[in-house]
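Presented below is the structure to which this report refers.
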Amino acid sequence: MLIYILACFLSFLIGLKAKGRYKTFITLIAMVPPFIVSSLRYDNGSDYLMYKNIFESIRDYGKIESVKSLEIGFTSLIDLSLLFSDSSIFFFSLVALVILTFYFCGISNISNNIPFSILLFFITGTFFDTFNGLRQYIAAAILFYSICYIINNSAKKYIFFVMLAFLFHYTALVMLPLYWIVRRKYSIKLISLVILFFILGSQFIDKVFHALLSISRYSFYLESEELVVVPTISSILYTSIIGVISLYFYYLYRDKLSNRFVILFNIQMIAWVTALLSLSIPLAMRWQYYFVPVSIIFIPELLSIIRYKYNRWFISLFLFLIYTITLIYGMLYNGWFDAYPYNLIDF
């Protein structure tokens, strides 16, 4: 656990200097500690050995036999890695570089408090979750970065990055409508009704999900042991707390909210919905990859609109403690992310 605390602390300290014309450069320097930790791990992350086998199979035989097809973006990344080295260590380093670069560039471009967002990147568990589902987390990192183009009203650039994410995981395509959905300012009543529906309508949602799955390319999951409902209690807790707090201030300052805040708020509400979906839909955690990390940039945005500094400090401390205590307990005692204990590669 010490190596994770050290990486977080060093990254946060460097992030404190991320200001002015060199903001992006310094933010990328702050990426170095987690990059080293992620690159030099061995069998941390439940998918590590699977991706190691995929890499070695393509390296040795030029192909991989799998029931799950591999997207062209990911196989191209393996081919790129093999141009420089036939080591899986280099491959995992390249994957970590891609994921972390998009996350940290997103933080640099969007967050109004870069060091706090870097801290949230760790304590929300996002960094540790990048050890798993590498293909989808590459897509998720790209989509996280693309939020800046929703804010900047750049539809063409947003679509480009969604299609880039699609090359690494096909599910990224569902993010295309997000650009238009989150640009509207919705009423508190409508938002509350939507949240209430996803809390109470789990049986209906479950039936619709299975019907849609049966006619999709993923229908083989219907016979899979993976197709079980596993509520992501931590994500439900986090998003519910942030959701209730942000709904209050959304209502309180409803006539003074910027378009930027409304966009991030709407994405945070969708993150809440995706967490609630885990109550009724198998593998719902995979959908959370695309939304839940928005809290990294939304929380600083939320705090910035709160007028009284004592309220800001109280909420900041409250969220920090909730995230940190839950994360450490989950990693130490529940095996979250399969990230603890940390295993260093054997040189």
Do Ile147 and Leu264 make a side-chain contact, defined as non-hydrogen atoms from C-beta onward lying under 4.5 Å apart?
yes
Ring-face cation contact, Phe131 with Arg41, 6.0 Å cut, 45° max:
yes
With a 4.5 Å limit on heavy-atom distance, are the side chains of Tyr103 and Val98 in contact?
no
Examine distances only and state if a side-chain atom of Asn44 and a backbone atom of Asn343 form a donor-acceptor pair shorter than 3.5 Å.
yes
Steps toward side chain to side chain contact (heavy atoms under 4.5 Å, CB included) verdict (Ile110, Tyr145):
CA-CA 8 Å; Ile110 306 169; Tyr145 171 78; over 6 Å; no
Mind checking whether Leu2 and Leu13 sit in one hydrophobic cluster, side chains of I, L, V, M, F, W, Y counted as touching below 4.5 Å?
no
Under 6.0 Å between ring centres: does that hold for Phe74 and Phe168?
no
Single-linkage hydrophobic cluster Leu120~Leu321, side-chain heavy atoms < 4.5 angstrom:
yes
With rounding to the nearest 0.5 Å, note down the distance linking CD1 in Ile195 to CG in Leu200.
11.5 Å
List the atom of Ile236, the atom of Ser278, and the distance in Å for their closest heavy-atom pair.
CD1-OG, 3.7 Å
In terms of hydrophobic clusters joined by side-chain contacts under 4.5 Å, are Tyr51 and Leu77 together?
yes
Angle class for the Phe90/Phe84 ring planes (parallel below 30°, perpendicular above 60°, tilted otherwise)?
tilted
Rounded to the nearest 0.5 Å, what separation is found between the CG atom of Leu10 and the CD1 atom of Ile29?
13.0 Å
Side-chain (Ser108) to main-chain (Cys105) donor-acceptor, under 3.5 angstrom
no
Just by modelled atom types, is the Asn53 backbone N or O under 3.5 Å from a matching donor or acceptor in the Ser57 side chain?
no
Between Ile325 and Tyr340, is there shared hydrophobic-cluster membership here, with clusters defined by ILVMFWY side-chain heavy atoms closer than 4.5 Å?
yes
Rounded to the nearest 0.5 Å, what separates atom CD1 in Ile270 from atom CG in Leu277?
11.0 Å
Sidechain-backbone polar pair: Thr75 side chain, Ile72 backbone, donor-acceptor under 3.5 Å
yes
Between Gln288 and Thr232, is there a side-chain donor-acceptor contact under 3.5 Å, judged purely by atom types and distance?
yes
Aromatic plane relationship, Phe121 with Phe127 - under 30° parallel, 30 to 60° tilted, over 60° perpendicular:
tilted
Taking the side chain as every heavy atom from C-beta outward, state whether Phe92 and Ile345 have any atom pair closer than 4.5 Å.
no
Backbone N or O of His169 within a donor-acceptor pair of the Arg135 side chain at under 3.5 Å?
no
Between Asp86 and Arg59, the two heavy atoms sitting closest are O-NH1, 2.8 Å
How long is the span from the OG atom in Ser258 to the OH atom in Tyr253, to the nearest 0.5 Å?
13.5 Å
Side-chain heavy atoms of Phe104 within contact of Val32, under 4.5 Å
no
Closest non-hydrogen atom pair between Gly125 and Leu327, with its separation:
CA-CD1, 3.8 Å
In terms of side-chain heavy atoms, does Thr126 have a donor or acceptor partner in Thr124 at a distance below 3.5 Å?
yes
Contact check, side chains of Ile242 and Thr239, non-hydrogen atoms, under 4.5 Å
no
Any chain of hydrophobic side-chain contacts (each under 4.5 Å) joining Phe122 to Val292?
no
Keeping the roles fixed (side chain from Asn266, backbone from Val262), state whether a donor-acceptor pair exists under 3.5 Å.
yes
Might you point out which heavy atoms bring Gly133 and Asp47 nearest each other, and give the distance in Å?
N-OD2, 2.7 Å
For Tyr179, give me all partners under side-chain hydrogen bond (donor to acceptor under 3.5 Å, both in side chains), at least two apart in sequence or on another chain.
Asn153
Under 3.5 Å: donor-acceptor pair, side chain of Ser111, backbone of Ser117
no
Stepwise side chain to side chain contact (heavy atoms under 4.5 Å, CB included) test for Leu303 and Ser316
CA-CA 8 Å; Leu303 293 173; Ser316 299; 3.1 Å; yes
Indicate the atoms forming the closest heavy-atom contact of Ala339 with Met331, along with that distance.
CB-CE, 3.9 Å
Hey, is OH on Tyr248 packed in by over 12 heavy atoms from elsewhere, all under 6.0 Å?
no
Parallel, tilted or perpendicular, judged at 30° and 60°: which one describes the rings of Tyr250 and Phe265?
parallel
So does Pro34 get a backbone contact from the side chain of Ser38, meaning a donor-acceptor N/O pair under 3.5 Å?
no
Taking the six-membered ring for Trp and the full ring for Phe, Tyr or His, determine whether the centres of Tyr310 and Phe314 are under 6.0 Å apart.
no
Calculate, to the nearest 0.5 Å, the distance between atoms CD1 and CG belonging to Ile188 and Leu193 respectively.
11.0 Å
CD1-CZ distance between Ile151 and Arg183, expressed to the nearest 0.5 angstrom
9.5 Å
Verdict with supporting geometry, Met269 and Ser246, side chain to side chain contact (heavy atoms under 4.5 Å, CB included):
CA-CA 9 Å; Met269 291 300 102; Ser246 59; 3.4 Å; yes
Can you establish whether the number of heavy atoms outside Lys157 located under 6.0 Å from its atom NZ is more than 12?
no
List for me each residue that meets side chain to side chain contact (heavy atoms under 4.5 Å, CB included) alongside Lys256, sequence neighbours excluded, and say none if there are none.
Arg307
Donor-acceptor contact below 3.5 Å, side chain Asn152 vs main chain Cys148
yes
Side-chain heavy atoms of Trp336 within contact of Asp129, under 4.5 Å
no
Of all heavy-atom pairs linking Ile36 and Tyr342, the shortest is O-OH, 4.4 Å
Which pairs count as ring pair (Phe, Tyr, Trp, His ring centres under 6.0 Å) when at least one residue sits in residues 10-43, sequence neighbours excluded?
Tyr42-Tyr48
Hey, could you give me each pair passing ring pair (Phe, Tyr, Trp, His ring centres under 6.0 Å) that has a residue in residues 276-306? Not counting sequence neighbours.
Tyr137-Tyr289, Phe261-Phe298
Would you say the rings of Phe102 and Phe144 are close, in the sense that their centroids are separated by under 6.0 Å?
no
Measure the shortest side-chain to side-chain distance between Cys8 and Ile5 over non-hydrogen atoms and say whether it is less than 4.5 angstrom.
no
For a side chain to side chain contact (heavy atoms under 4.5 Å, CB included) check, start with the C-alpha distance between Ile54 and Ile78, then their side-chain angles and the critical distance, and finish with the verdict.
CA-CA 9 Å; Ile54 289 173; Ile78 293 176; 4.0 Å; yes
Partner set under salt bridge (Lys or Arg N to Asp or Glu O under 4.0 Å) for Lys52, not counting sequence neighbours
Glu56
Are Thr326 and Ser234 linked by a side-chain donor-acceptor pair shorter than 3.5 Å?
no
Please check: side-chain N/O of Lys17 versus main-chain N/O of Ile26, any donor-acceptor pairing under 3.5 Å?
no
With sequence neighbours left out, what residues match Ser154 under side-chain hydrogen bond (donor to acceptor under 3.5 Å, both in side chains)?
none
Please tell me if the side chains of Met1 and Pro341 come closer than 4.5 Å, counting only heavy atoms from C-beta onward.
no
